[in-house]
Novice: 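One structure, pasted below without further comment.
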Amino acid sequence: MGTENPGRPNFPMRPSSTPFASALPTMTPFSSRGPMVGSEASNIRPIPPGAPPTMTPFSSAGSSPPTRFSDPSVPSPPITSVPSAGGPFQQYPTPPFPSTVQTTPTRAPPVGQPPFQPPANQISAPPVSFRPQSQVPPVPMVSAPQTVNFPPSSLNVPQPPSESLFSGPRPNFQPTLPPPDLSYSTTKSTFQPPFPAYPSKQPAVSQVPSPFPAQQGSFMPPPPASSSPFSSQQGSYVPPPPIAAPLGYQSRDQMQHPGSAPPIGGIQTLTEDFSSLSLASMPGSIEPGLDYRTLPRPLDGDVEPSSFVEMYPMNCDPRYLRLTTSAIPNSQSLVSRWHLPLGAVVCPLAEAPEGEEVPVINFASTGIIRCRRCRTYVNPYVTFTDAGRKWRCNICSLLNDVPGEYFANLDATGRRIDLDQRPELIKGSVEFVAPTEYMVRPPMPPLYFFLIDVSISAVRSGMIEVVAQTVRSCLDELPGFPRTQIGFITFDSTIHFYNMKSSLMQPQMMVVSDLDDIFVPLPDDLLVNLSESRNVVETFLDSLPSMFQDNVNVESAFGPALKAAFMVMSQLGGKLLIFQNTLPSLGVGRLKLRGDDLRVYGTDKEHILRLPEDPFYKQMAADLTKYQIGVNVYAFSDKYTDIASLGTLAKYTGGQVYYYPSFQSGIHGEKLRHELARDLTRETAWEAVMRIRCGKGIRFTSYHGNFMLRSTDLLALPAVDCDKAYAMQLSLEETLLTTQTVYFQVALLYTASCGERRIRVHTAAAAIVTDLGEMYRQADTGAIVSLFCRLAIEKTLTNKLDDARNSLQVRIVKALREYRNLYAVQHRLGARMIYPESLKFLCLYGLALSKSVPLKGGYADAQLDERCAAGFTMMALPVKKLLKLLYPSLIRIDESLLKPSAQADDFKNIMKRLPLVAESLDSRGLYIYDDGFRFIIWFGRMLSPDIAGNLLGPDFAAELSRVTLHQHDNEMSRRLMGMLKKLRESDPSYYQLSYLVRQGEQPREGLLLLVNLLEDQMGGTSGYVDWIMQIHRQVQQNA
Amino acid sequence: MVKMTMIARVTDGLPLAEGLDDGHHLIDAEMYKQQVKALFKNLSKGHNEASRMSIETGPFVFHYIIEGRVCYLTMCDRAYPKKLAFQYLEDLRNEFERVNGAQIETAARPYAFIKFDTFIQKTKKLYQDTRTQRNIAKLNDELYEVHQIMTRNVQEVLGVGEKLDQVSQMSSRLTSESRIYADKARDLNRQALIRKWAPVVIVLGVVFLLFWVKAKLW
């Protein structure tokens, strides 16, 4: 940031982690590292004026390719972050220094550079190292050691510059720096590990522990700990101690405002300023230099906006419908200034807590009351006039007649006298029983059809056994008894049908090996009524695992088998569950190993890998939807299975993709069991269609999620349940809206498992505003993030990952800039980063999103299949689950395990979420990381062996990757299991498998947990503070 | 062979149950379903129909029985023995009344007894093949008399309703047109009156005017 001097117009958007840092000593020692640094420190090139001397010694660093200019928003080149995801971590928590937490910042960059040398990782953190330098100038006395200290301890350091940017650290810089440079250059030849960069292991380690105490005020220069070369350097360089003392606690602040004013004075004014601000509850602001600990974090999980319900108490609950802002702009120009998505996220079947179930209304012979013109359903916002004989539609304002049977007189205030008996006129969410006009056929029975891969890999992984057992145990709970229908097909290189006629003793298997011309060997009895053929079905499931246990067939005729299943099911529709273990290799729809090719990344062809390869899949999905068949794909392979193609089936049929990479029944069995059971037994809406209507002048233009669009605005959803949400964006049709309020109505027409045809209607109102500020005030981060997520994932299907992340960042920046223009001047917030209170987590979620599996990094950061599977999953997640996935909870549990009697009631107290930074992890603690899809239980290195022993039994000393968590016979273990159980119950849509990891167990720890600490710098991605800084800088740039 | 089975309430034509995946083999399944619906509508209008009837439609025949205000209807091939078809319907009726008898009147939503489809499905299979021992025995059983059951054509049956509709339409048109005629006649009458007397009035007026002018001038 220091680099952002006015003098540098050509590199306006330079990432904070810029030139000096890298150019400076940090990088220097390792000439070899030059290139990799280059990408991050690309700015080096331009800088020279500032630091010619610096550069000279390390020609290699300087010459590193300045790749990054064009694209400052992404601080670290994803491309570089190649293979050694594990690499960086290895060294990080070395045993002797448990408290290394602080090192986090340093850790991040390494990933980018790994190829070169793992040990160097720590050192390299260019951004970190550079910051100190920027500070150096203003406070001339700052000593080398200090700078050393800071990087690890405070991420904040980088921020200050934003304020001070223009003040011109430059001039100072030059004079001050030369000496160090000189010293370096001299020293360089002698030792590799020169000072600020933590070049080598030893220095890094030694410093790590120190930073914290230093901050605390004691500010001990690290030298003592540091290795000899280091200290020697200091000596040659500057006298550290004197400064250290005064700086003490505040040092950070001082550092932050280097150029602008006398350090101390600046701090004071700023702090005053800040406090006044926070009192005034004006737009939130982040003062750049502030402690990272005070940055906003959603530690309470998702908070639904209250304004939505408060202003219009008859609105449906936000769990069903959330608008990205509950203040709808009244004009095109206002829309164009609102850079965030404008739209809604709908979860029509969200699970309602006890007592808040949606009331069911039967109009019977009256017929459902709807507007003649726009077909809106009667709702709480319609108004009755003409003594109750007419009603005015709230959406198109047409005057409709009230049918005779529905007539009721109006009282003096114009309310119907029977209001309290008419839930549809009071509640925002109701269900109407649909009359015959809403049926093209009698309500279908719930139907489950299983298409199971039985090739050798499926047998080996144990998947078949788990599936068979699970299905068998769920037979009693399948919805829709006694109409439920069930059927099975298995396949390898041939297709096996099963006759399950109720009169048979055991199923008859029929094998069809003609893959080119698939036919169904029996007219019926392949799909049977479960209650009648129960015995046959059970016999089948019992024998299924043993039937194929000696199968050595490696082929997979997936396409033909899918066609066969389609032919069997097409009469009724229903749910098709596909269990696929290998890449489809025979018949139509065979796929090839197009694989993850490193070379493709970063080119225009990158996105093709994420698209289905064979049009067969999309065509098939369209046919399946037409016949009301919803597909859920369970994929298990340890090798590439082209989820991008398989998942298409789920995407266009309103289904879901479950992915269990390298499935082993011993490890993942439990997860599959729970998720399959949930899939089979949750309440499902069959043969559904959904439409959302809205008032005149606005229109929903695009829909995002897993479904097929049947006409311009009708979503076809063959099978939908409470775990699916759909997002849509709206646009203004008229240039100016003149009404005060706009209404939205979601209608889902579906067949319930019990055989009733119903229409679920959610109605909501929102105010139309003329003021951008109001829009920001009523914005809903959750909905915005959800829409962002879907847009970004869709973008990865047509663009590079990089582009998707950039466009996300650009939109956030634009939005904040607009907000800044609105308020910065009037609140004299000058150089501060300001944001609306309602969007205080937006930046963090934006960061989380760009680090999420479908979007993160490049080739090496996630396997292609994993990426695609996560993409399909996130396209369907409801807001709450998505936010939890983006910002998982991290909970410390060792204390509560030790407490003598932790009862159920203080469960909430225990569940105190911690920020996702490595500092949160104490090596004496035991932590649970919960992202809604898995638990990672982290054992600190210094965790008392008691706890570990109790929880893990005799295995506690073993490598944790081979240990599974199960209950032992002691209080502590029981309590932990109880706790996990409760966590799982609070979020049943997926099963969270526990992964155990011990601190320092590399690379496992890194892969499982450390990469997910998203506020930390990692693998060439920015940490939270850096991210904020970047955004802040970009916001200011064109402000 | 039984192609399609439907059960509906006679009073309002509300469908109560229907065979599972009925008619998906047929090309014109939709058309036949429409005919059935029209038929139910006719019945609910209270055209007095026999409680048992066969109605031919294309290559198929509808057989229905009406018992306890519920109509049980099935569609079979023409070649399918009438006797078996009515046996089948009787079976359905017995079971349906046994299971749902009490709730038939109160059912408020369409397909309220859709669960009955499993029984329909099961029973249908029993009757699928006319040559099973069981069905042959039934055929030979003379106890059940079907000869008197009327057979009519679907056009005829649905036509009755259509014709009635036509007649009432025509009569209503007649009324309205005669009313218009009366109005027009009255209007013409008035015009004729005016045309008849207008010249006389004008002539008289002129004469009087002349008299008046004369009186003034003189």
Side-chain angles (χ1 to χ4, degrees), chain A residues 360-368 405 431-447 480-485 487 501-503 520 523-534 567-574 627-628 686 751-759, chain B residues 1-9 11-26 29-34 36-41 44 73 95 99-100 103-126 128-129 132 134:
Chain A
V360 178
I361 295 151
N362 192 348
F363 282 120
S365 55
T366 318
I368 295 179
E405 295 95 325
E431 273 194 355
F432 298 117
V433 173
T436 10
E437 300 88 77
Y438 295 82
M439 306 179 187
V440 286
R441 56 173 187 175
M444 61 175 277
L447 186 152
F481 176 85
R483 300 179 71 216
T484 320
Q485 308 270 313
K501 199 177 166 135
S502 55
S503 51
V520 177
D524 37 27
D525 293 324
L526 295 177
L527 194 57
V528 294
N529 182 294
L530 176 61
S531 51
E532 282 168 18
S533 302
R534 179 69 186 259
M567 286 156 101
V568 177
M569 293 178 75
S570 59
Q571 301 157 11
L572 286 175
Y627 288 92
Q628 307 292 357
W686 307 88
T751 301
S753 295
C754 61
E756 268 187 55
R757 194 91 170 131
R758 290 185 185 165
I759 307 163
Chain B
M1 222 166 79
V2 177
K3 298 286 184 197
M4 189 191 284
T5 314
M6 283 173 155
I7 301 176
R9 193 160 64 190
T11 41
D12 54 2
L14 185 78
L16 298 177
E18 189 170 326
L20 192 65
D21 68 60
D22 270 349
H24 59 267
H25 300 297
L26 302 178
E30 264 326 292
M31 185 189 86
Y32 293 118
K33 285 198 174 173
Q34 287 307 325
V36 174
K37 276 179 194 155
L39 197 64
F40 284 151
K41 215 156 136 202
S44 68
L73 181 144
E95 180 67 10
V99 179
N100 302 316
Q103 304 149 33
I104 292 171
E105 287 305 310
T106 53
R109 63 185 174 87
Y111 298 105
F113 309 111
I114 189 69
K115 283 184 182 145
F116 194 66
D117 66 358
T118 54
F119 182 81
I120 297 179
Q121 201 71 1
K122 236 184 321 188
T123 320
K124 193 163 86 180
K125 277 184 191 149
L126 294 180
Q128 208 68 287
D129 188 354
T132 58
R134 177 182 169 282

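Just so it is clear: chains get the letters A, B, ... in the order the sequence lines come, proteins before strands, and each one is counted from 1.
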Novice: Would you mind checking which part of B:K37 comes under 4.5 Å of any heavy atom in chain A, side chain (CB onward), backbone (N, CA, C, O), both or neither?
Specialist: neither
Novice: Name the region of A:Y438, side chain, backbone, both or neither, that has any atom closer than 4.5 Å to a heavy atom of chain B.
Specialist: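 For A:Y438, no heavy atom lies under 4.5 Å from chain B.
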Novice: Side chain from CB out, backbone as N, CA, C, O: work out which of these in A:M444 comes under 4.5 Å of a heavy atom of chain B, or both, or neither.
Specialist: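 Neither part, no heavy atoms under 4.5 Å.
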Novice: Could you pull out the closest heavy-atom pair between B:K33 and A:P442, with the gap in Å?
Specialist: NZ-CD, 4.4 Å
Novice: For a quick test of reading the model, state the closest non-hydrogen atom pair linking A:M439 to B:P110 and the distance between them.
Specialist: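 That would be CE-CG, 3.4 Å.
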Novice: Counting heavy-atom pairs under 4.5 Å with chain B, which one of A:N362, A:V433, A:V440, A:D524 comes out on top?
Specialist: A:N362
Novice: Count the heavy atoms belonging to other residues, nucleotides or ligands that lie under 6.0 Å from NZ of B:K125, then report whether that count exceeds 12.
Specialist: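 Yes, enclosed.
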Novice: Evaluate side-chain contact (heavy atoms from CB on, under 4.5 Å) for B:Q121 paired with A:N529, printing each intermediate quantity in order.
Specialist: CA-CA 10 Å; B:Q121 201 71 1; A:N529 182 294; over 6 Å; no
Novice: When heavy-atom pairs shorter than 4.5 Å are enumerated against chain A, which of B:T118, B:I114, B:D117 gives the highest number?
Specialist: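 The option with the most such pairs is B:I114.
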Novice: A:P435, A:P445, A:P443: which one forms the most heavy-atom pairs within less than 4.5 Å of chain B?
Specialist: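 Most heavy-atom pairs within the cutoff with chain B belong to A:P443.
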Novice: Under 4.5 Å heavy-atom distance to chain B, tell me which part of A:E532 shows up: side chain, backbone, both or neither.
Specialist: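 Interface part for A:E532: side chain.
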Novice: What do you reckon, is CZ of B:F119 surrounded by more than 12 foreign heavy atoms closer than 6.0 Å?
Specialist: yes
